Amino acid sequence: MKHAVKPGEAAALIPDGAILLVGGFMAVGSPHRIIDALVARNARDLTIVANDTAMPGKGIGKLISAGAVKKVVASHIGLNPETQQKMISGEIEVELVPQGTLVERIRAGGVGLGGVLTATGLGTPVEDGKLTVEIDGKTFLLETPIKGDFALIAARQADYVGNLEYSLTAHNFNPIMALAGETVIAEPQTIVPVGVISPDAVKTPGVLVDHLLERAH
Amino acid sequence: MKHAVKPGEAAALIPDGAILLVGGFMAVGSPHRIIDALVARNARDLTIVANDTAMPGKGIGKLISAGAVKKVVASHIGLNPETQQKMISGEIEVELVPQGTLVERIRAGGVGLGGVLTATGLGTPVEDGKLTVEIDGKTFLLETPIKGDFALIAARQADYVGNLEYSLTAHNFNPIMALAGETVIAEPQTIVPVGVISPDAVKTPGVLVDHLLERAH
Amino acid sequence: MDAKEIIARRVAQEIEPEMLVNLGIGLPSMVANYLPKDVHVFFQAENGVIGLGARPPEGMEDPDLTDAGGGFVTAVPGAASIDSAMSFGLIRGGHLDMTVLGGLQVDARGYLANWMIPGKMVPGMGGAMDLVAGAKQVIVAMVHTAKGNHKILPECTLPLTAARRVSLIVTDMAVIEPTEAGLVLKERGPDCSVDDVIAATGANLIVHGDVPQMQIA
Amino acid sequence: MDAKEIIARRVAQEIEPEMLVNLGIGLPSMVANYLPKDVHVFFQAENGVIGLGARPPEGMEDPDLTDAGGGFVTAVPGAASIDSAMSFGLIRGGHLDMTVLGGLQVDARGYLANWMIPGKMVPGMGGAMDLVAGAKQVIVAMVHTAKGNHKILPECTLPLTAARRVSLIVTDMAVIEPTEAGLVLKERGPDCSVDDVIAATGANLIVHGDVPQMQIA
């Protein structure tokens, strides 16, 4: 049985300088209330690992605007001109990672792999500084795991022990990030009693979830 | 829309000498009717990649008893004395792979990874002949992908386009093997019209499934 | 018929029944409009759905169901929700039959650059590198020249998306197939002569006999 | 109280509320019987469920719900079905709080051998290597000697399960903690003197002051 935490309590758990895995794709399936609470508590020097930084005023974009972010690891920042400006001015360091490589690196961190070999990025700037390994005459890049101090994820529904279900394209990085956060905080839209979610419908087992955000009022 | 095939038709698609990924864990969640049809058509020289070889007279054990198998790649053969006898007599070659490594190797094959690094097996006979890679002072074994000519999987329910749901501990290797077979044949317990399975309930998208076995009579 | 419609209509002819297809945002997404009614395919949106449908009816938009551009979409009957690991597992594992992507440059080797203009546009590669490295067929859909400048060049001057030869280049002026021997001119656009195409192309084109005109409705 | 019950009862004391625990088949599975009623934990069966429960009522067995030994089980409220990739992702990714495994040998380094006797028993490692490499705590539950032969040795003569120091060894005669300095005798079994334990142990034991007797009901 988990205790439900308020957004402010969730934000208070997260210290300045923390590495955060944040679910969502262009602010769809992002933990919006936790993000708002991080902005409200004036968080600083965060490293954000996420698919993208959404756009100004939405999702992760709010953290960028608030000056809460020191570093971004993402596949795409193209729809957030603030992130691009802050990258150019040197305020934010940006590491661009192909989307499929990003999710495999996070998964590797979550399931205890030391790294994965991929063809994605070969012959491109993504290759710079990375080890290549040849297997049966084919060359692959060695990509290393990513873990977070926290994973902040959004879900459609949770039960009291933290089992999670996701909805349509709001799955995206959430189920994978739930594996790779030292502490996992989930923001479900609804919370239901144990037994309402069938074992077969569970996408993230509750044993991975440390804190559930209380339901929205 | 898929066409439903009869067990004999499924078995006829599979040539002698093929590499088969076969779902199941001690015959739970195995494609029993396809296995029976392979025995009936007197298949030979198969390579079976599976968690185990079940026990004589059950699941994959039937293929072992029938002399259909040339090689087994599995994590465990302890409950099938026939497999052990045939290994000792040299009739069957057995490659033993730690269960977690086996599923990651199959997944790597299915999702296009060139390999994965794992600590499992270090300092054990599993290490023999394998490349080790050191990352940040930690040593890992490089494990290579496994793919099959066919994946033979069992599912709780399919819809007409091949979307699959699984039940309880009958998931096991099935959803992963569905990614790694050149041809995927699924044996569902029931087949329902499109729309009966919610998009969020789909564990294996129908685009991965080449053939559906007709329902049992 | 404007340049983009010509391209979209011609690309649509490459799509075969039962394919799994990923359309990039912008021009490539127009391809779906010109698919013959009797050709059933599944479109993948890499942010999380197989079975992407048209825009939803007014007032029925679901914030949890968007395409990779963040726009509201529907899901067709038989759709499947997928997380980012499954989505890119399909792309990188060779399960995606075709991707249609925009291009900034393509070169004589058939290599594509489409994600970055150093010092000017650094949006990130999103899923483009995974798509080009992993899809079975990669079709580049782009206008033939940009403000009079060549986009098809001897060698890309912009950073590559992947060191992999794309399958086909479809522009408003030509259909070009990159091969081991070089770029083969397969078709010329409406009202274009072969000489027009050659003049508008920075790389050498291989011309075999008569080059037919695109047949678009 | 027989040797196995002593061991199972003592191991049960190591389990703390809210843990995720994997019990090996045989003796380790007996541990569940001695857990205090008020200690809520989730048991994982690596074949595919978190929230493993007791045997089902007669006539209510589900062939799709078994434990790793193939026996019919139930699932507790709040259970989650997991496929093999998630199951071993949890084990290898450090999400499993404790595994309890049987042992053939443990040595002065705290290394375990429990999967193979060359030339005699080659069942395969199943999930044992993953469990020992990945679980947060590894407890070896075994009888102290086998037919008078030492099982705790200076160095394992059987192939290792992993080159990782286990957390605790619980036998009918002793509780032993492997440390950097060697094997520390923490408790002695019912009616055992320290000298009895030392005589029954092939490896050197570190004894600090008075060694208390196991407190088991």
Side-chain angles (χ1 to χ4, degrees), chain B residues 23-29 51-55 58 72 74-81 83-84 87-88 94-104 106-107 110 118-127 139 154 156 166-179 189 203-204, chain D residues 25 45-52 62-75 79-94 109 111-113 115-116 118-134 156 158-164:
Chain B
F25 190 112
M26 292 305 299
V28 174
N51 180 62
D52 55 69
T53 56
M55 40 283 217
K58 285 193 102 177
V72 167
S75 83
H76 201 267
I77 56 168
L79 296 179
N80 191 331
T83 308
Q84 300 201 49
M87 175 178 70
I88 291 162
V94 175
E95 178 184 344
L96 292 171
V97 181
Q99 199 168 149
T101 296
L102 183 61
V103 72
E104 285 296 329
I106 296 168
R107 182 180 181 276
T118 179
T120 297
L122 275 177
T124 79
V126 169
E127 190 176 324
T139 304
R156 169 70 193 85
Y166 305 93
S167 167
L168 297 164
T169 59
H171 282 68
N172 56 65
F173 280 69
N174 289 298
I176 307 304
M177 288 177 168
L179 288 159
Q189 292 173 27
K203 297 268 175 86
T204 295
Chain D
I25 52 180
E46 70 266 27
N47 57 313
V49 67
I50 292 171
L52 181 72
D62 180 347
D64 286 350
L65 184 53
T66 61
D67 63 18
F72 293 121
V73 292
T74 50
S81 306
I82 49 176
D83 65 26
S84 298
M86 174 63 92
S87 186
F88 282 86
L90 293 173
I91 291 168
R92 293 151 61 112
R109 300 166 297 182
Y111 290 0
L112 170 69
W115 70 282
M116 164 183 205
K120 195 166 161 196
M121 182 192 87
V122 191
M125 67 293 284
M129 287 187 179
D130 305 290
L131 285 161
V132 178
C156 289
L158 297 173
L160 295 180
T161 306
R164 173 190 166 178

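In what follows, chains are A, B, ... by sequence order, proteins preceding strands, each numbered from 1. Remember, it's a predicted structure, so these values are computed and weren't measured experimentally.
Closest of all the heavy-atom pairs between D130(D) and G100(B) is OD2-N, 2.8 Å. When all heavy atoms of I176(B) and A85(D) are compared, the closest pair comes out as CD1-CB, 3.5 Å. Minimum interatomic distance between V28(B) and D64(D) (heavy atoms only, all atoms of both residues): CG1-CA, 4.1 Å. Across all their heavy atoms, P125(B) and L160(D) have their closest contact at CD-O, 4.2 Å.
Under a 3.5 Å cut-off, the side chain of N47(D) and the backbone N or O of F25(B) do not form any donor-acceptor pair. Formation of a donor-acceptor pair under 3.5 Å by the T169(B) side chain with backbone atoms of T66(D) is found in this model.
Both the backbone and the side chain of A68(D) come within contact range of chain B, with heavy atoms under 4.5 Å apart. Of the two parts of F173(B), the backbone and the side chain both hold a non-hydrogen atom closer than 4.5 Å to a non-hydrogen atom of chain D. Neither the backbone nor the side chain of L131(D) comes within contact range of chain B; no heavy atom of the residue lies under 4.5 Å from a heavy atom of that chain. Heavy atoms of P98(B) lying under 4.5 Å from chain D belong to its backbone as well as its side chain. Looking at T101(B), the atoms closer than 4.5 Å to chain D (heavy atoms on both sides) sit in the backbone and in the side chain alike. Neither the backbone nor the side chain of E95(B) comes within less than 4.5 Å of any heavy atom in chain D. Contact of V97(B) with chain D is made through the backbone alone, with heavy-atom distances under 4.5 Å. Looking at A163(D), the atoms closer than 4.5 Å to chain B (heavy atoms on both sides) sit in the backbone and in the side chain alike. With a threshold of 4.5 angstrom between heavy atoms, M55(B) does not approach chain D through any atom at all. Only the backbone of L122(B) comes within less than 4.5 Å of a heavy atom of chain D; no side-chain atom from C-beta onward does.
Ranked by heavy-atom pairs under 4.5 Å with chain D, the list N80(B), V94(B), N172(B), V126(B) is led by N172(B). Contact count versus chain B (heavy atoms, under 4.5 Å) is highest, among P159(D), P123(D), G124(D), for P123(D). Ranked by heavy-atom pairs under 4.5 Å with chain B, the first of S81(D), G48(D), G126(D) is G126(D). Considering only heavy-atom pairs separated by less than 4.5 Å from chain D, the leading option among G121(B), S75(B), A170(B), G123(B) is S75(B). Heavy-atom pairs under 4.5 Å with chain B were tallied for M125(D), E46(D), M129(D); the largest tally goes to M125(D).
Considering only heavy atoms from C-beta on, M86(D) stays 4.5 Å or farther from H171(B) through its side chain.
Distance check, rounded to the nearest 0.5 Å: CZ of F88(D) to OG1 of T118(B) gives 11.5 Å. Interatomic distance, I25(D) CD1 to L79(B) CG, rounded to the nearest 0.5 Å: 6.5 Å. Distance OG/S84(D) to CZ/R107(B): 13.0 Å, rounded to 0.5 Å.
No more than 12 heavy atoms of other residues, nucleotides or ligands sit less than 6.0 Å from atom NZ of K58(B).
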